[in-house]
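Data block below; observations after.
Just so you know, these numbers come straight off a predicted model, no measurement behind them. Throughout, residue positions are numbered sequentially from 1 according to the sequence presented.
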Amino acid sequence: MKIAAILLDISGVLYDGREVITGALASFRKLRDSGLPLRLVTNTATQNRRQILEKLQHMGFALTLEELITAPSAARSWLQEHQLRPFCLLHPNLHSEFAEFDQSAPNAVLLGDARDALDYAHLNQAFRLCMEGAPLIGIGMNRYFSENEKLCLDAGMFIRGIAWAANIEPLIMGKPSQAFYHQVVADLGVPAENCLMIGDDVETDVCGAIDVGLQAALVKTGKYRKGDQAKLPSQALLLDSIVDLPQLLQQNQA
């Protein structure tokens with residue numbers, strides 16, 4: 001199918017840890033030159049949007065805040081819409097984005113990559129609220145992520161654990177949530193079948209995108225591990241890295 005818009009995961013696709021992936025800057029500039037609409041989509045829950053934008057710009061990637069859609073920003077919008085008071089288990093960098101919410105008597109649980117705050121006491125507090133009927137909103141559902149070339153546990157296992165213990169279904173804001181992908185596609189104004197998602201995670205990036213009708217490609221950088229290609233849906237693409245993207249687009253537009 002014709003590609004008319006691009007969705008890019010960030011960590012593992014454009015950079016890994018503090019290092020830009022080889023060739024990513026030149027490929028990103030070529031993508032810009034193609035004129036295709038672009039959205040950078042991430043489940044990153046340790047930095048707010050402004051911090052992510054500044055980091056990318058410092059690395060040399062030219063983009064605007066409007067082109068960046070994060071799982072925390074999607075969660076914030078949902079909580080506002082439903083007028084809820086969340087108990088926030090979040091990374092300190094995200095506290096300012098949720099400061100406007102009344103958290104004195106929480107009636108919802110918002111759980112992300114809170115790192116050391118994901119301890120027994122805080123998880124028990126979240127569990128008890130869910131047992132009392134509070135909805136559990138998870139920021140992303142990743143199992144792990146790559147940081148400085150090391151794999152680290154992500155918030156998905158803690159979300160699953162509380163949901164299992166409280167016998168509830170969590171609401172996931174971020175990839176591979178269908179609601180999240182629908183939000184990005186609507187923002188682009190392009191039919192889902194003409195959007196291409198590029199990511200380093202088979203489940204959240206590739207399968208999640210394909211499940212809602214997007215095209216998708218897995219890059220062999222970031223969290224990719226040998227054997228991941230065996231998990232790919234038949235219609236998915238496999239790229240060595242984002243360096244292969246300009247040629248793919250050129251072939252698609254020919």
Have Asn48 and Asn93 got a donor and an acceptor in their side chains that come within less than 3.5 Å?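 On atom types as modelled, these side chains do not qualify, holding no pair under 3.5 Å.
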Has the side chain of [X] got a donor or acceptor atom that lies under 3.5 Å from a matching backbone atom of [Y]?
{"X": "His58", "Y": "Glu54", "result": "no"}
{"X": "Ser34", "Y": "Leu31", "result": "yes"}
{"X": "Asp102", "Y": "Ser104", "result": "yes"}
{"X": "Arg49", "Y": "Ser73", "result": "no"}
{"X": "Thr42", "Y": "Asp9", "result": "no"}
{"X": "Asn107", "Y": "Ala134", "result": "no"}
{"X": "Asn194", "Y": "Lys2", "result": "yes"}

Any salt bridge between [X] and [Y], counting N to O under 4.0 Å?
{"X": "Lys220", "Y": "Asp240", "answer": "yes"}
{"X": "Asp154", "Y": "Arg143", "answer": "no"}
{"X": "Arg32", "Y": "Glu67", "answer": "yes"}
{"X": "Lys30", "Y": "Asp33", "answer": "no"}

Shortest non-hydrogen contact between Leu94 and Ala45, atoms and distance: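 In terms of heavy atoms, the two residues are closest at CD1-O, 3.4 Å.
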Please name the pair of heavy atoms, one in Gly140 and one in Ile159, separated by the smallest distance, quoted to 0.1 Å.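 That would be O-CD1, 3.3 Å.
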Under a 4.5 Å side-chain heavy-atom rule over Ile, Leu, Val, Met, Phe, Trp and Tyr, are [X] and [Y] clustered together?
{"X": "Ile21", "Y": "Ile52", "answer": "no"}
{"X": "Phe180", "Y": "Ile139", "answer": "no"}
{"X": "Val20", "Y": "Val219", "answer": "yes"}
{"X": "Leu89", "Y": "Phe158", "answer": "yes"}
{"X": "Phe87", "Y": "Leu90", "answer": "no"}

[Y] side chain reached by [X] side chain, heavy atoms, under 4.5 Å:
{"X": "Ile210", "Y": "Leu214", "answer": "no"}
{"X": "Leu63", "Y": "Leu40", "answer": "yes"}
{"X": "Leu171", "Y": "Pro135", "answer": "no"}

With side-chain contact (heavy atoms from CB on, under 4.5 Å) as the criterion, how do Leu110 and Leu84 come out once you've worked through the C-alpha distance, each side chain's angles and the decisive distance to 0.1 Å? CA-CA 10 Å; Leu110 178 62; Leu84 291 172; over 6 Å; no
Please check if atom [atom1] in [X] has more than 12 non-hydrogen atoms from other residues, nucleotides or ligands closer than 6.0 Å.
{"X": "Gln80", "atom1": "CD", "result": "yes"}
{"X": "Gln229", "atom1": "CD", "result": "yes"}
{"X": "Gln235", "atom1": "CD", "result": "yes"}
{"X": "Glu100", "atom1": "CD", "result": "yes"}
{"X": "Arg160", "atom1": "CZ", "result": "no"}
{"X": "Arg85", "atom1": "CZ", "result": "yes"}
{"X": "Arg225", "atom1": "CZ", "result": "yes"}

Nearest-0.5 Å distance that lies between atom [atom1] in [X] and atom [atom2] in [Y]:
{"X": "Glu97", "Y": "Cys88", "atom1": "CD", "atom2": "SG", "result": "11.0 Å"}
{"X": "Glu193", "Y": "Gln215", "atom1": "CD", "atom2": "CD", "result": "8.5 Å"}
{"X": "Leu237", "Y": "Leu218", "atom1": "CG", "atom2": "CG", "result": "10.0 Å"}
{"X": "Gln183", "Y": "Ser177", "atom1": "CD", "atom2": "OG", "result": "9.0 Å"}
{"X": "Asp228", "Y": "Lys223", "atom1": "CG", "atom2": "NZ", "result": "9.5 Å"}
{"X": "Asp113", "Y": "Leu118", "atom1": "CG", "atom2": "CG", "result": "7.0 Å"}

Evaluate the side-chain contact (heavy atoms from CB on, under 4.5 Å) criterion for residues Leu238 and Leu232: first the C-alpha distance (whole Å), next the side-chain angles of each, then the deciding distance (0.1 Å), finally the verdict. CA-CA 9 Å; Leu238 181 64; Leu232 287 176; 4.2 Å; yes
For the residue pair Lys175 and Tyr181, would you count it as a cation-pi contact if the rule is NZ or CZ under 6.0 angstrom from the ring centre and within 45 degrees of the ring axis?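 Ring-cation test returns no.
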With side-chain contact (heavy atoms from CB on, under 4.5 Å) as the criterion, how do Ile137 and Val109 come out once you've worked through the C-alpha distance, each side chain's angles and the decisive distance to 0.1 Å? CA-CA 6 Å; Ile137 301 97; Val109 173; over 6 Å; no
Could you check whether the rings of Phe61 and Phe28 sit parallel, tilted or perpendicular, using 30° and 60° as the cut-offs?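 Judged by the thresholds at 30° and 60°, the geometry between Phe61 and Phe28 is perpendicular.
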Mind running side-chain contact (heavy atoms from CB on, under 4.5 Å) on Arg76 and Phe101 for me, showing each step along the way? CA-CA 9 Å; Arg76 182 175 179 273; Phe101 290 96; 4.1 Å; yes
